[in-house]
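One structure is given below, encoded as structure tokens.
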Amino acid sequence: MRKAHIALAVGGLLAASIAFSFVHPWGDVRAVKSDAALMQGVNIPADVQAVLENKCADCHSDNTRWPAWGYFAPGSWLMERDVHEAREHWNMSQWQSLDTDTKAKLLSKIGSEARSGEMAPKQYVLIHRGAKLTADEQELMYAWAKVERKRIRQQETGAENQKGAEAK
């Protein structure tokens, strides 16, 4: 009799998990997919591109790779919340639609958070150990973000100077 109660309870929990998986408190972020290149229009060295794709893109792009547990509540809710919040802060799939000032601010934040170890968040790294940036990757991301920020600022200044010269 006891085994029947346990089996019934486990079956009920499994059924509830599957049923609640169709509820998306933060919107169905899994439905958003993009074929756009990550960080389109940015100069990205191969080693930085590898870090972005392997350690950042699952949360910070529309190209999330969802693990099996990411389809079942309540795990799906936790992951959907994290991805939703990450995309709100920085979505590499939408980079080309941002203005220069926003890009510069994001690059500054990317560099400082990578260097300080704030990214990836500790609760995420507990489950996704491969997402933790090594010390070399932290410095790599910081140096790249600094150079890229300077490049887009100079590009903007050059375009403004050219417009001013044409107006004369």
Q: Check for a donor-acceptor pair, side chain of W90 on one end and backbone N or O of L107 on the other, with a separation under 3.5 Å.
A: no

Q.
Which Ile, Leu, Val, Met, Phe, Trp or Tyr residues join L126 in one cluster when any pair of side-chain heavy atoms under 4.5 Å counts as a link?
A. none

Q: Return the set of residues passing ring-ring contact (aromatic ring centres under 6.0 Å, His included) with Y142 (not counting sequence neighbours), or none when no residue passes.
A: none

Q) Taking side chain as C-beta onward, heavy atoms only, is R151 less than 4.5 Å from E148? A) yes

(Q) If I compare all heavy atoms of S61 with all of S93, which pair ends up nearest, and what's the gap? (A) CB-OG, 3.5 Å

Q) Any idea which heavy atoms bring W95 and K103 closest together, and the distance? A) O-CE, 3.2 Å

Q | Rounded distance [0.5 Å steps], CE in M119 versus OG in S112 | A | 10.0 Å

Q. Residues in salt bridge (charged side-chain N to carboxylate O under 4.0 Å, His left out) with D82, at least two apart?
A. none

(Q) Using 0.5 Å steps for rounding, measure from the NE2 atom of H84 to the CE atom of M79. (A) 15.0 Å

Q: Not counting sequence neighbours, which residues clear side-chain contact (heavy atoms from CB on, under 4.5 Å) with Q94? List them please.
A: D62, N91, S97

(Q) Between T157 and R153 (side chain of the first, backbone of the second, donor and acceptor by atom type, cut-off under 3.5 Å), is there such a pair? (A) yes

Q: Drop me the distance from C56's SG to E137's CD, to the nearest 0.5 angstrom.
A: 9.0 Å

Q.
If the condition is side-chain contact (heavy atoms from CB on, under 4.5 Å), which residues does I127 pass it with, not counting sequence neighbours?
A. W69

Q) Does anything in residues 115-132 pair up under salt bridge (Lys or Arg N to Asp or Glu O under 4.0 Å), and if so which pairs, sequence neighbours excluded? A) R115-E139

Q | Minimal non-hydrogen separation, L133 against Q138, with atom names | A | CB-CG, 3.9 Å

(Q) Once rounded to the nearest 0.5 Å, what's the spacing between atom CG of L106 and atom CD of E113? (A) 9.5 Å

Q. Within the side chain of H60, is there an N or O that forms a donor-acceptor pair under 3.5 Å with the backbone of M92?
A. no

Q. Which pair of non-hydrogen atoms, one from G70 and one from W66, has the smallest distance, and what is that distance?
A. O-CE3, 4.4 Å

Q) Closest heavy-atom contact between M141 and I110? A) CE-CG2, 4.2 Å

Q: Indicate the atoms forming the closest heavy-atom contact of W144 with L52, along with that distance.
A: CH2-CD1, 4.4 Å

(Q) Within the 4.5 Å heavy-atom criterion, are D58 and H128 side-chain neighbours or not? (A) no

